[in-house]
Peer 1: 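Handing you this structure, nothing more for now.
First the proteins, then the strands, lettered A, B, ... as listed; each starts at 1.
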Amino acid sequence: MAAFAQAPPLALHFQEATRSSSSQPPRPRTRPSPPAQRPTTAHPPLPGTSPSSASEPLIVSETKLITMHSCAGRLEDARKVFEGMACRDLLAWSAMIGAYAIRGLYKEVVPLAVTMVREGVIPDRFLITRILQACAYTEDLELGVAMHSLAIQSGFMVERARDVPVGNSVLAMYVKCGELGRARVVFENMGQRDLGTWNSMIFGCCQSNEWEEARRLLDDMRHEGTEPGVITWNTLISSYARSGELDVAMEMLEQMEESGVAPDVITWTSLVSGFVYSDRGGEALRCFMRMRLAGVEPNGMTIASAISACASLRLLSQGMELHCHAIKVGSVNNVLSGNSLVDMYAKCGEIVAAKRIFNEIPEKDIFSWNSMVAGYAQAGYCGKAYELFCKMESLGVRRNVITWNIMISGYIRNGDDERAFELFQMMESYGVKRDTASWNALIAGSVHNGHSDRALRIFRQMQSLLVRPDYITILSIIPAFANLVAFSKVREIHTCIFHNYLEMDGKIANALINAYSKSGDLAGACAVFDRHSSRNIISWNCIILAHLLHGSPSEALDCFCEMKQEGVLPDHTTLTAVIKAYGLQGKVSEVKQIFYNMTHDYNITPDLDHYAAIVDLLGRSGCLQEAYEFIDNMPLIPNLAVWEALLTAATIHGNARLANLAARELSSLDPSDTRIQRLVFNYWDLTGKSADVPLMTVYNKGRELKDVDSCSVEIKNKVYLFSTSDNLALESTVAELKLIMIQIRMSLLNICNGTDAEEEKEELSGIHCEKLAIAFAISNSPPLRSIRIIKTLRMCSRCHIFAKLVSEKYERQILIKDSNCLHKFKDGKCSCEDKNV
DNA sequence: GACCGCCTTT
């Protein structure tokens, strides 16, 4: 056994110390054949083996022949010899099993091992180790347990140095089979341990998310005098990175470097891909840079991950640099890098480049196809996407649930709901089972297209079919409840999150803040925000916007200060909100201060939203000419929001010249845009007509639009829809409503002297729908109950006064969300302090 | 010891 004892220990997965020896080519064993073996003759000389003399016939044992065939890569020949043997002893089994094991063909090892045991051959410590390795790989617990007991019976698991490899492979087998409890028992009973032992055990703990235990083992091993190696650190770092604990992973990286172990390509790749997976692309790229600076060469997997980071950040130029790098490293034709490149180019809008890369991937896998289909679908080319979708089928590439989901989501997001539902119905008949993401695509798409009711129906249907919603379902459905009428649903979904054992994810919390706020519950929004454990810029934007929506600009600005104190950098949205908040307070100089210094202070270039907010502010404060000059001097082409702001302000201040100018500019932007048609219609309807021909066309189109203004109100779980034009539909209640309104009108007349153009208009075209809704709610809902109304257009000043008076007279809180803001009427006052009418 | 695609928050 001397020769065997000196043979290199087997390459276990966690055996760092022996890695170099395991990578060497296997050496044929030199043990002399035992006399019991039949000598084999008349075999032709093997290529690469030169017989000592050409005249002498070569005599080799069958076992040796197996080894020779195996070394030459002819496994089938080796197998034939093995099968033909009349009597197979331990050496023959070792040779045959070893031939497969060395090549990682563990699936072949398992049945051989089973037969061997059945034939009564007892494996030695080396063969047992090999078989256990195969059990670990194939997760064959049954055979593993048998080998474990055999090892005990044979006395291979005692406290000797040479027992360590056997113990390690038993341990590794249990860990890989997910039997951490059994692994722990083996670990505790091992008299001697080496680095591989600790690595296996730590891997097991990480796999079962027993982080504390893993950290304790790290301390223990150092106590016992074994310093963690590169695999130890990589195991911990990659596990933390994969489970999203990137900050801990980075901490471990520091410790690793401090302990003198240099991070290798796997360490860095784990971190880069971990950051990508956690949607922290910027940090992924920083990690990649650190790796380069440390002189570690990236491999295909590292580059693929870094390219994905560029894809999520839409960094085309950096992505292209990495593309060059991939070419240099020679991994560009690799499926992994190729797929990342397809995704990156597609997400950056370079669909042609994406297609070129796709065509060049020699062995496309399902990921390649799905990335390309998704590229087309997300760019709005559903036809092209569908073409590929069909091509896959004809080429025999099996489409998976993700392929179907991509198509469903592509169609619904591009407005073809019918086709999306059709595919959703069809997929199961093609043998593809729908998953939660399939349902999510429909829900998200419906919400996206404004069909909140349908989204809710789908959500309920999926639950009735026992498809469990995940956090994306919740995230997708929440915006459907982000309105005044659905206020009770927000609490319902908040409860549902706990019922489904879904963690309070950061994104869900953000969506909830928004939903609570928009449903009129500022306190609810604040409560979620206060308990939010991982606030990001979006969370702050949500709460700042919530205060703004509820007419509390000073609280919004307080939040902004607090945010800066916490070291969170504002983004475009934050600054737009801040400009609006200062604007509501009439602090023009503060607004200018922010606006003109935003590039310097926050590295943010003003965009159209900022310009529109400034125009709105200047216009409302009566500086109409300044507002117009501001537009005239802006470096960007003004959009709808900018001209709308000027039109509204000019209308309020009765500046017909500028209002007309704004209306004309609006209608020249896109005369077919219904939103513009409505704006122009509404403006002219209010101010009277002139002979402006181009405006006339848009005005007429606006007039043709159905439901020019409508509002909805919920009473006893029913949503009632009111429209300015269909007063008559409410005949039964109209008399009652009129009575209430006459009473209120009397009060109104006392405040406003006489009538104005707006009221005359109302007399002619019918009562404004919010008045109808208020009156209807007053007479049909229980006293003291708040009245919640959603309205498509902006409230007029008279309805605003009307609502204030009703809130006082009837002691009701009235919440009205119009196209511009949320009005909370209470005790005769409105939260917008009359600044938003 | 690691791996790319679908559904997601202001």
Peer 1: Would you indicate which nucleotide in B/dC3, B/dA2, B/dT10 comes nearest to any side-chain atom of A/Leu336?
Peer 2: B/dC3
Peer 1: Has A/Asn510 got a side-chain N or O lying under 4.0 Å from the OP1 or OP2 atom of B/dT10?
Peer 2: no
Peer 1: Would you say B/dA2 has OP1 or OP2 under 4.0 Å from some side-chain N or O of A/Gln207?
Peer 2: no
Peer 1: Using atom CD1 of A/Ile508 as one end and atom C1' of B/dT10 as the other, report the distance to the nearest whole Å.
Peer 2: 16 Å
Peer 1: Counting side-chain heavy atoms from CB outward, which of B/dT8, B/dA2, B/dT10 is closest to A/Tyr471?
Peer 2: B/dT8
Peer 1: Report the distance from atom CG of A/Asp365 to atom P of B/dC3, rounded to the nearest whole Å.
Peer 2: 15 Å
Peer 1: Would you verify whether the NZ or CZ of A/Arg399 falls within 45 degrees of the ring axis of A/Phe389 while also being under 6.0 Å from that six-membered ring's centre?
Peer 2: yes
Peer 1: How many Å lie between CD1 on A/Ile544 and P on B/dT9, as a whole number?
Peer 2: 20 Å
Peer 1: With no hydrogens and no angle check, just 3.5 Å: does a side-chain donor-acceptor pair link A/Asp435 and A/Asn440?
Peer 2: no
Peer 1: When you get a sec, tell me which of B/dT8, B/dT10, B/dC4 is the closest nucleotide to the side chain of A/Ser308?
Peer 2: B/dC4
Peer 1: Going by ring-ring contact (aromatic ring centres under 6.0 Å, His included), name the residues that satisfy it together with A/Phe367, two or more places apart in sequence or in a different chain.
Peer 2: none
Peer 1: Taking OP1 and OP2 of B/dT8, is either one under 4.0 Å from a side-chain nitrogen or oxygen of A/Ser476?
Peer 2: no
Peer 1: Measuring from the side chain of A/Ala441 (C-beta onward, heavy atoms only), which nucleotide among B/dC7, B/dC4, B/dT9 has the closest atom?
Peer 2: B/dC7
Peer 1: Please output the side-chain donor-acceptor pairs of residues 335-346 of chain A that fall under 3.5 Å, not counting sequence neighbours, one pair per line with the distance.
Peer 2:
{"from": "A/Ser337", "atom 1": "OG", "to": "A/Ser331", "atom 2": "O", "distance (Å)": "3.1"}
{"from": "A/Ser337", "atom 1": "OG", "to": "A/Ser331", "atom 2": "OG", "distance (Å)": "3.4"}
{"from": "A/Asn339", "atom 1": "OD1", "to": "A/Ser368", "atom 2": "OG", "distance (Å)": "2.7"}
{"from": "A/Asn339", "atom 1": "ND2", "to": "A/Val335", "atom 2": "O", "distance (Å)": "3.3"}
{"from": "A/Asn339", "atom 1": "ND2", "to": "A/Asp365", "atom 2": "OD1", "distance (Å)": "3.1"}
{"from": "A/Ser340", "atom 1": "OG", "to": "A/Ala304", "atom 2": "O", "distance (Å)": "3.2"}
{"from": "A/Ser340", "atom 1": "OG", "to": "A/Leu336", "atom 2": "O", "distance (Å)": "3.2"}
{"from": "A/Asp343", "atom 1": "OD1", "to": "A/Lys347", "atom 2": "NZ", "distance (Å)": "2.9"}
{"from": "A/Asp343", "atom 1": "OD2", "to": "A/Lys347", "atom 2": "NZ", "distance (Å)": "3.2"}
{"from": "A/Tyr345", "atom 1": "OH", "to": "A/His323", "atom 2": "ND1", "distance (Å)": "2.8"}

Peer 1: Please determine whether a side-chain nitrogen of the Lys or Arg among A/Arg290 and A/Glu257 lies less than 4.0 Å from a carboxylate oxygen of the Asp or Glu.
Peer 2: yes
Peer 1: I want to verify a distance call: between B/dA2, B/dC7, B/dT9, whose nearest atom is closest to the A/Ala444 side chain?
Peer 2: B/dC7
Peer 1: Please determine, for the side chain of A/Leu475, which listed nucleotide (B/dC7, B/dT9, B/dC6) has the closest atom?
Peer 2: B/dT9
Peer 1: Just compare B/dC7, B/dC4, B/dA2 and give me whichever is closest to any side-chain atom of A/Met301.
Peer 2: B/dA2
Peer 1: Do A/Glu393 and A/Arg398 meet the salt-bridge criterion of a basic N to acidic O distance under 4.0 Å?
Peer 2: no
Peer 1: When you measure from the side chain of A/Ser305, which nucleotide among B/dG5, B/dC4, B/dA2 comes out closest?
Peer 2: B/dC4
Peer 1: To the nearest Å, give me how far apart CE (A/Met344) and P (B/dG5) are.
Peer 2: 13 Å
Peer 1: Over how many whole Å does the gap from A/Ile477 atom CD1 to B/dT9 atom P extend?
Peer 2: 12 Å
Peer 1: Could you check which of B/dT8, B/dC6, B/dC3 has an atom nearest any side-chain atom of A/Arg242?
Peer 2: B/dC3
Peer 1: For DNA chain B, find the residues of residues 401-417 of chain A with a heavy-atom distance under 4.0 Å and give them by number; none if there aren't any.
Peer 2: A/Ile402, A/Asn405, A/Ile406, A/Ser409, A/Arg413
Peer 1: Given atom CD1 of A/Ile472 and atom C1' of B/dC6, what is their separation to the nearest angstrom?
Peer 2: 9 Å
Peer 1: Using OP1 and OP2 only, check whether a side-chain N or O of A/Lys347 sits under 4.0 Å from B/dC6.
Peer 2: yes
Peer 1: Once you round it to whole Å, what is the distance between P of B/dC6 and OH of A/Tyr386?
Peer 2: 21 Å
Peer 1: So, does the side chain of A/Asn299 form a donor-acceptor pair with the base of B/dA2 at under 3.5 Å?
Peer 2: yes
Peer 1: Just call it for A/Asp279: base, sugar-phosphate, or nothing, with non-hydrogen atoms closer than 4.0 Å on any strand.
Peer 2: nothing
Peer 1: Give the nucleotide from the list B/dT10, B/dA2, B/dC7 with an atom nearest to the side chain of A/Ser238.
Peer 2: B/dA2
